[in-house]
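Here's the structure we're looking at; comments come further down.
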Amino acid sequence: MDYKTRTKIARILIEGAIAVDTEVIILGWVRTVRISKNVAFVEVNDGSCMKNIQGVIENPENFPVLDKITTGAAVRMKGKLIESKGKGQKYEITVHSLDLVGVADSTYPIQTKRHTYEFLREIAHLRPRTNTFGAVNRLRSKIAFAIHKYYQERGFYYIQTPLISASDCEGAGDLFRVTTFNLDNIPRKEGAVDWHADFFGDETYLTVSGQLEGEVLATALGDIYTFGPTFRAENSNTSRHASEFWMIEPEMAWAELDDNMDLAEDFLKYLFHYALTECADDMEFFGQWIDKDLHRTLESVVNSEFERCSYTEAVKILEKAAQKFEFPIRWGLDLQSEHERYLTEKTFKKPVIVFDYPESIKSFYMRLNDDGRTVRGMDVLVPKVGEIIGGSQREERYDVLKDRMAKKGIKNLDNYFWYLDIRRWGTVPHSGFGLGFDRALMYMTGMTNIRDIQTFPRVPNWAKF
RNA sequence: UCCCCUGUAGCUCAGUCGGUAGAGCAGCUGACUGUUAAUCAGCGGGUCGCUGGUUCGAGCCCAGCCGGGGGAGCCA
């Protein structure tokens with residue numbers, strides 16, 4: 001094969017790195033074919049970029065293989081790069097030889113027309129060959145790289161936290177259990193399941209967050225970040241939730257909530273700006289076909305100063321709001337989606353960071369304020385989506401943390417000895433947050449369903465492919 | 001988990017009052033001197049989600065089940 005000698009389409013159409021009249025070999029998949037008596041056009045995409053390159057065949061009768069060159073077929077196309085004689089593209093290829101590498105017969109499900117997302121989800125193994133899903137997957141790669149670039153350039157260390165965990169982090173009952181037990185014959189001792197007999201000698205789960213381990217490393221390396229998968233067994237049936245998703249969780253020692261907000265704001269702006277400038281080809285497609293306001297929305301986030309508003313102020317604003325809400329507003333109640341969207345879309349018309357939430361509605365690890373009733377938690381809210389980041393300054397005082405864990409009803413405190421130990425010796429103020437990778441990508445692309453942002457989504461009742 | 005909507009050809013959908021199945025696209029065959037989701041002509045294509053019920057007769061009405069979508073909650 002011509003793996004090493006072929007020219008990727010992006011080199012020609014995006015980078016402009018190939019001179020006219022150069023002999024090139026294109027390896028790719030046929031998007032559409034148009035054949036008439038004296039000329040045929042074969043449009044090929046090789047995945048390297050959004051755009052297709054058009055092969056022109058001036059004497060189709062000499063290319064009997066054209067009969068089998070159909071939408072979806074894999075082909076090798078050799079010819080000379082020329083300036084296009086037709087309208088609609090700058091370059092095209094005068095084809096000298098054309099080989100069918102892999103046939104796609106008439107049962108190939110992707111047609112040269114728009115398909116519904118619902119249909120494409122059922123062919124998740126083929127949808128990356130469409131424009132939309134090609135663009136999504138290219139952007140995923142670029143933004144994953146941008147995330148590493150951002151933190152590495154700022155002296156954060158990338159750490160790998162365990163996916164199998166014995167702690168249930170926030171005490172929620174929404175975990176996937178990990179076991180090697182034969183489910184038809186589970187060992188029991190005095191009536192109860194004998195977890196000592198299980199593989200790890202204890203109950204274990206798929207992690208819901210790498211935060212607690214991240215705190216351990218931050219209080220040794222200073223600044224760290226995690227970037228990996230997490231798992232939630234919640235029966236959430238929405239367009240924004242998946243059972244398996246990737247999170248970015250930076251954690252900084254010596255940092256307080258203000259530093260945390262600064263990082264969250266700067267990080268989001270960096271990612272959006274990176275997408276707009278480094279992925280312009282694919283972003284143009286999203287702006288044209290998925291969300292006409294996409295560029296305006298992203299640019300406004302990049303160029304705005306995020307508003308910072310305490311929970312208490314936010315409640316006052318919402319109480320005075322002219323709008324009727326479905327859910328009640330009262331100090332002590334959590335903000336609902338409709339409230340968050342009102343704040344970011346109506347009141348401030350830009351991203352908002354809400355902070356200092358009531359102690360009663362937030363997790364045990366958030367630092368208790370001097371007022372004794374609020375904690376140093378923060379949520380970053382953006383127009384159109386609402387909450388995109390959740391984070392906090394962590395409770396670094398041993399006694400206060402232990403009390404709050406007990407108060408929050410965490411049962412097996414012994415399992416958290418290590419988490420408490422980092423407060424016992426050399427404790428230090430530290431802060432961090434979590435950004436959902438897939439949700440950030442939804443915002444960047446305008447795609448409205450997480451099942452179409454993840455390549456192989458896992459949601460309740462769906463783990464195919 | 002709750003509320004609402006939905007399931008008919010490969011895809012997107014229509015199907016009236018309950019009377020036995022339709023269109024566009026795709027596919028196939030042919031035509032066509034540069035096309036851009038090419039165009040034009042012809043042809044083939046159905047377990048109406050499943051099970052049961054009502055009825056002389058059900059794609060249509062009723063019940064249950066299964067699948068899909070949107071919204072809410074939980075959150076990232």
Side-chain angles (χ1 to χ4, degrees), chain A residues 31-43 51-61 67 70-72 82 84-89 92 94 104-123 126 130-131 169-170 172-174 208-211 226 229-249 264 289 325-327 334-338 340-341 361-363 379-382 385-391 433-443 448-454 459-462 464:
Chain A
R31 283 299 176 79
T32 173
V33 187
R34 294 175 287 272
I35 302 173
S36 60
K37 196 174 178 184
N38 296 313
V39 64
F41 302 92
V42 180
E43 249 184 79
K51 294 186 171 70
N52 307 328
I53 199 145
Q54 173 169 279
V56 184
I57 293 160
E58 283 175 337
N59 40 355
E61 70 276 9
D67 284 347
T70 53
T71 299
I82 59 167
S84 178
K85 293 178 193 166
K87 288 174 187 164
Q89 61 280 316
E92 62 191 19
T94 307
D105 67 14
S106 64
T107 59
Y108 182 61
I110 296 172
Q111 304 168 3
T112 54
K113 61 173 251 179
R114 295 194 81 161
H115 293 286
T116 58
Y117 291 124
E118 292 79 15
F119 171 67
L120 291 169
R121 276 170 213 155
E122 291 173 2
I123 50 168
L126 298 172
T130 64
N131 285 338
C169 194
E170 305 188 18
D174 54 357
V208 296
S209 163
Q211 180 200 313
T226 73
T230 50
F231 307 88
R232 306 268 168 101
E234 288 153 359
N235 189 15
S236 300
N237 292 287
T238 83
S239 55
R240 302 183 307 286
H241 290 82
S243 309
E244 175 182 323
F245 62 98
W246 282 51
M247 268 208 292
I248 304 106
E249 296 180 289
W289 296 101
F325 294 114
E326 189 189 338
F327 290 90
D334 208 353
L335 302 180
Q336 305 294 321
S337 296
E338 55 174 345
E340 293 179 342
R341 293 190 60 166
I361 58 172
K362 290 293 185 182
S363 297
D379 285 343
V380 180
L381 315 178
V382 290
V385 166
E387 183 181 340
I388 193 166
I389 280 179
F433 61 80
L435 170 67
F437 182 51
D438 308 287
R439 284 208 186 155
L441 284 164
M442 286 171 72
Y443 202 73
T448 54
N449 197 315
I450 199 164
R451 298 175 186 100
D452 301 322
I453 275 291
Q454 299 188 324
V459 295
N461 274 315
W462 188 269
K464 282 181 201 160

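Quick note on labels: first sequence line is chain A, next is B, and so on, each numbered from 1.
Here A:Asn449 reaches the OP1 or OP2 of B:G70: one of its side-chain N or O atoms lies under 4.0 Å away. Of the side-chain N and O atoms in A:Ser239, one or more sit less than 4.0 angstrom from OP1 or OP2 of B:G71. In this model, the phosphate group of B:G10 is not approached by any side-chain N or O of A:Gln111 to a distance below 4.0 Å at OP1 or OP2. Note on A:Gln89: every side-chain N or O is 4.0 Å or more away from OP1 and OP2 of B:U35. Residue A:Arg34 places no side-chain N or O under 4.0 Å from the OP1 or OP2 atom of B:A37. Between A:Ser337 and B:G73 there is a side-chain polar atom (N or O) within less than 4.0 angstrom of OP1 or OP2.
What you find for A:Ile450 and A:Arg240 is that their closest heavy atoms are CD1-O, 3.7 Å. Smallest separation of non-hydrogen atoms from A:Val380 and A:Ala264: CG2-CB, 4.2 Å. Across all their heavy atoms, A:Ile361 and A:Asp334 have their closest contact at CD1-OD1, 3.6 Å. Counting all heavy atoms, side chain and backbone alike, A:Ile110 lies closest to A:Thr130 at CD1-CG2, 3.9 Å. Minimum heavy-atom separation, A:Ala242 to A:Gln454: CB-OE1, 3.5 Å. Residue A:Glu234 comes nearest to A:Pro460 through the heavy atom pair O-CG, 4.0 Å, listed as atom of the first residue, atom of the second, then distance.
Taking atom C1' in both B:C56 and B:A41, one finds a spacing of 45 Å when rounded to whole Å. Comparing B:G59 with B:G18, their C1' atoms are spaced 10 Å from each other, to the whole Å. Nucleotides B:A23 and B:A9 have their C1' atoms positioned 11 Å apart, rounded to a whole Å. Rounded to the nearest Å, the gap between the P atom of B:G53 and that of B:G57 is 12 Å. Nucleotides B:C75 and B:U16 place their P atoms 46 Å apart, quoted to the nearest Å. B:U6 and B:C48 have their C1' atoms separated by 14 Å, given to the nearest Å. Using atom P as the reference point in both B:G69 and B:C61, the two lie 24 Å apart (nearest Å). B:G15 and B:G7 have their C1' atoms separated by 15 Å, given to the nearest Å.
Counting any heavy atom pair closer than 4.0 Å across all strands shown, A:Thr107 reaches no nucleic acid atom. Nucleic acid contact for A:Ser36: base, since at least one base atom lies under 4.0 Å from a heavy atom of the residue. When heavy atoms are screened at a 4.0 angstrom cut-off, A:Gly86 is found touching base atoms of the nucleic acid. Within 4.0 Å of A:Glu326, counting heavy atoms only, lies no atom of the nucleic acid at all. As judged by a 4.0 angstrom heavy-atom cut-off over every strand, A:Arg121 is placed among residues touching the sugar-phosphate backbone only. Within 4.0 Å of A:Glu244, counting heavy atoms only, lies no atom of the nucleic acid at all. When heavy atoms are screened at a 4.0 angstrom cut-off, A:Arg31 is found touching no nucleic acid atom at all. Residue contacts shown for A:Phe327 are limited to sugar-phosphate atoms, with no base heavy atom under 4.0 Å away. A:Ala440 comes within contact range of no nucleotide atom at all, as no heavy-atom separation falls under 4.0 Å. Residue-level contact check: A:Ile110 touches neither bases nor backbone, having no heavy atom under 4.0 Å from any strand.
Remark on RNA chain B: of its neighbouring residues A:Gln336 and A:Glu122, the 5'-side contact belongs to A:Glu122, judged by nearest-heavy-atom nucleotide. Nearest-nucleotide mapping onto RNA chain B: of A:Ser106 and A:Lys87, the residue sitting toward the 5' end is A:Ser106.
A:Glu340 contributes no side-chain N or O that, together with a main-chain N or O of A:Gly386, makes up a donor-acceptor pair within less than 3.5 Å. Using modelled atom types, one side-chain atom of A:Thr70 and one backbone atom of A:Ala104 make a donor-acceptor pair closer than 3.5 Å. Counting only distance, with no hydrogens or angles, the side chain of A:Gln89 and the backbone of A:Lys87 share a donor-acceptor pair below 3.5 Å. A:Thr230 contributes a side-chain N or O that, together with a main-chain N or O of A:Phe245, makes up a donor-acceptor pair within less than 3.5 Å.
If you measure from atom CG of A:Asn237 to atom P of B:C75, you get 16 Å, rounded to the nearest angstrom. Between A:Asp67 atom CG and B:G27 atom C1' the separation is 15 Å, expressed in whole Å. As a whole-Å value, the separation of A:Ile453 CD1 from B:A76 C1' is 14 Å. We find that CG of A:Asp334 is positioned 6 Å from P of B:C74, with the value rounded to whole Å. Rounded to an integer number of Å, the gap from A:Ile82 CD1 to B:G34 C1' is 11 Å. Here B:C74 presents its P atom at 10 Å from CD of A:Glu234, a figure rounded to the nearest Å. For the pair A:His241 NE2 and B:C74 P, the interatomic distance rounds to 9 Å; values are reported in whole Å. Taking atom CG of A:Leu120 as the reference point, atom C1' of B:G10 lies 13 Å away to the nearest angstrom.
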- Task: Report the C-alpha separation of A:Val459 and A:Arg451 in whole Å, then their side-chain angles, then the decisive distance to 0.1 Å, and conclude whether the side-chain contact (heavy atoms from CB on, under 4.5 Å) test is met.
- Result: CA-CA 8 Å; A:Val459 295; A:Arg451 298 175 186 100; 3.7 Å; yes

- Task: Applying side-chain contact (heavy atoms from CB on, under 4.5 Å), run through A:Glu387 and A:Leu335 and close with a yes or a no.
- Result: CA-CA 10 Å; A:Glu387 183 181 340; A:Leu335 302 180; over 6 Å; no

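Stacking is found between A:Phe245 and the pyrimidine-like six-membered ring of the B:A76 base under the 5.5 Å centre-distance and 30° plane-angle cut-offs.
Counting atom types as modelled, A:Ser236 pairs no side-chain N or O with a base atom of B:C75 as donor and acceptor under 3.5 Å. No hydrogens or angles were tested; on distance alone, a donor-acceptor pair under 3.5 Å links the side chain of A:Glu92 to the base of B:G34.
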- Query: Tell me, what's RNA chain B's dot-bracket, Watson-Crick or G-U with both distances under 3.5 Å, | for other-strand, [ ] crossing?
  - Reply: (((((((..((((.....[..)))).(((((.......))))).....(((((..]....))))))))))))....

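Taking only side-chain atoms of A:Ser84, from C-beta outward, the nucleotide of B:G73, B:G34, B:C75 with the closest atom is B:G34. The A:Gln54 side chain lies nearest to B:U35 when the options are B:C74, B:A76, B:U35. The listed nucleotides are B:G68, B:U35, B:C74; the one nearest the side chain of A:Trp462 is B:G68.
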All N/O pairs under 3.5 Å across the protein-nucleotides 12-15 of chain B interface:
from  : atom 1 : to       : atom 2 : distance (Å)
B:U12 : OP1    : A:Thr116 : OG1    : 2.6

Side-chain atoms of residues 51-58 of chain A: list all donor-acceptor pairs with protein atoms under 3.5 Å, sequence neighbours left out, distances to 0.1 Å.
from    : atom 1 : to       : atom 2 : distance (Å)
A:Lys51 : NZ     : A:Asp281 : OD1    : 3.2
A:Asn52 : OD1    : A:Asn45  : ND2    : 2.9
A:Asn52 : ND2    : A:Glu43  : OE1    : 2.8
A:Gln54 : OE1    : A:Arg34  : NH2    : 3.2
A:Gln54 : NE2    : A:Glu92  : OE1    : 3.3
A:Glu58 : OE2    : A:Lys85  : NZ     : 3.4

